[in-house]
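Quick note on labels: first sequence line is chain A, next is B, and so on, each numbered from 1. No hydrogens, no waters, no symmetry mates; every other heavy atom, side chains included, goes into these values.
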Number of protein chains: 2
Amino acid sequence: MPINKPTDSELEILHILWEKGPSTVRTVNDLLNERRKSNAMAARNVAKPKESAGYTTTLKLMQIMFEKGLVSREEDGRTHVYAAAVREEDTQSLLLQQFVDNTFRGSAARLVMQALGSHEASSEELDEIKALIAQLEQQQPKS
Amino acid sequence: MPINKPTDSELEILHILWEKGPSTVRTVNDLLNERRKSNAMAARNVAKPKESAGYTTTLKLMQIMFEKGLVSREEDGRTHVYAAAVREEDTQSLLLQQFVDNTFRGSAARLVMQALGSHEASSEELDEIKALIAQLEQQQPKS
DNA sequence: TCGGTTCTACGAAAAAATTCGTAGAAAAAA
DNA sequence: TTTTTTCTACGAATTTTTTCGTAGAACCGA
């Protein structure tokens with residue numbers, strides 16, 4: 001029941017499965033490497049970009065994810081078609097909670113301030129956020 | 001120049017140094033274990049709580065952090081007094097950027113929505129955030 | 001001064017996460 | 001059919017992070 005926490009590499013794969021839907025290892029591996037290549041180009045990237053992954057590396061990772069229950073799979077002839085077995089929102093929520101605890105010692109507000117301060121956000125997005133805040137203020141007019 | 005990314009354990013130590021100021025290994029280790037003990041109690045915690053750390057474990061970690069430039073130190077007689085060598089805001093900003101990239105594929109707004117949705121925020125905090133949004137809307141009335 | 005405690009340094013074990021080589025079966029191409 | 005490519009399974013090497021044992025020097029109280 002409790003969602004398993006994916007590692008960074010596993011998360012990369014989940015993103016692809018969420019976006020593209022059920023896929024083979026080959027497909028995932030190709031997309032992964034495309035994405036890594038373009039990430040390496042993008043100067044904005046802070047983290048050292050990963051090298052491109054070998055096929056068996058991705059295969060092994062997805063097998064591990066299968067054992068952990070992060071993905072499901074179905075045989076299609078000789079090959080396996082993998083699908084995400086956890087929902088994107090749930091996973092993000094789990095990771096976010098741990099991240100807020102670890103990095104901001106639990107203060108979501110401080111995180112939001114940092115996030116809005118240092119990342120781009122369109123005015124539509126800001127509108128959405130304002131709407132959400134209005135809603136929250138209705139719900140819990142506390143303090 | 002580029003800040004070194006602290007690991008999770010290193011971040012725990014930095015939090016203590018940021019909060020308490022320059023401290024000895026002994027002090028840090030004690031506070032660390034206090035904190036871990038109370039974290040273990042708190043039911044809200046999702047991540048499995050860490051065991052309490054042995055003294056030499058913390059010592060070694062802080063020595064490594066010193067080599068990485070995450071902390072500075074000064075001799076006081078026989079013992080060393082360590083201080084954070086990176087600023088809290090800078091570190092959080094770095095970690096946040098990577099987290100947004102990894103987990104939300106770059107969309108700060110999505111992160112903010114998740115964060116506000118699933119974490120508590122007081123109305124004062126919400127006010128602050130609203131103020132920040134207003135400010136951002138002024139700056140870049142784009143799109 | 002003697003014995004127990006508290007330091008640092010250091011090496012290395014243990015645990016976690018990532019990577020890859022090899023082997024054998026199935027499929028596709030020649 | 002023969003050869004080449006493409007799969008999975010599996011074990012193990014590598015790398016990164018975390019943990020700890022041991023040794024020797026400094027300190028402290030009796």
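We find that CD of B:Glu67 is positioned 14 Å from P of C:dT8, with the value rounded to whole Å. At whole-Å resolution of the value, CG in A:Asp76 and C1' in C:dA26 are 13 Å apart. In this structure, B:Tyr82 places its OH atom 12 Å from P of C:dC7, rounding to the nearest Å. Between the CG atom of B:Asn29 and the P atom of D:dT18 there is a distance of 15 Å, rounded to whole Å. Atom CD in A:Glu10 sits roughly 11 Å away from atom P in C:dT19 (whole-Å rounding). Rounded to a whole Å, the CG atom of A:Leu32 is 12 Å from the P atom of C:dT18. B:Leu11 places its CG atom 14 Å from the C1' atom of D:dT17, with the value rounded to the nearest Å. One atom, CE of A:Met62, and another, P of C:dC20, lie 17 Å apart when rounded to the nearest Å.
At a threshold of 4.0 Å, the pair A:Glu12-A:Arg36 counts as salt-bridged, since one of the basic side-chain nitrogens sits closer than that to a carboxylate oxygen.
Heavy-atom nearest nucleotides on DNA chain D were determined for A:Leu59 and for B:Thr58, and the one closer to the 5' end corresponds to A:Leu59. Place A:Leu61 and A:Gly77 on DNA chain C by their nearest nucleotides, and A:Leu61 ends up nearer the 5' end. When each of A:Val81 and A:Lys60 is assigned the nucleotide of DNA chain D with its nearest heavy atom, A:Val81 is the one assigned upstream, toward the 5' end. With DNA chain C read from its 5' end, the first of the two nearest nucleotides for B:Glu75 and A:Ser9 is the one closest to B:Glu75.
Looking at the side chain of B:Val25, the nearest of the listed nucleotides C:dT19, D:dT17, C:dT8 is C:dT8.
In this structure, B:Gln63 reaches the C:dA9 phosphate: one of its side-chain N or O atoms is under 4.0 Å from OP1 or OP2. Listed pair B:Thr57 / D:dT18 fails the phosphate criterion, with no side-chain N or O lying under 4.0 Å from OP1 or OP2. OP1 or OP2 of C:dG21 has not a single side-chain nitrogen or oxygen of A:Tyr55 nearer than 4.0 Å. Between A:Thr56 and C:dG21, a side-chain N or O to OP1/OP2 separation shorter than 4.0 Å is absent. The side chain of B:Arg26 places no N or O atom within less than 4.0 Å of a non-bridging phosphate oxygen (OP1 or OP2) of C:dT8. Taking 4.0 angstrom as the limit, A:Thr79 places none of its side-chain polar atoms (N or O) nearer than this to OP1 or OP2 of D:dC7.
Taking a pair to require two hydrogen-bonding distances under 3.5 Å in either a Watson-Crick or a G-U wobble arrangement, C:dC2 pairs with D:dG29.
Remark: A:Asp76 CG is loosely packed, at most 12 non-hydrogen atoms of other residues, nucleotides or ligands lying under 6.0 Å away.
One side chain, B:Ser9 or B:Lys50, offers a donor N or O that lies under 3.5 Å from an acceptor on the other.
The closest side-chain heavy-atom distance from A:Leu95 to A:Leu11 is below 4.5 Å. No side-chain heavy atom of B:Tyr82 sits less than 4.5 Å from a side-chain heavy atom of B:Ile13.
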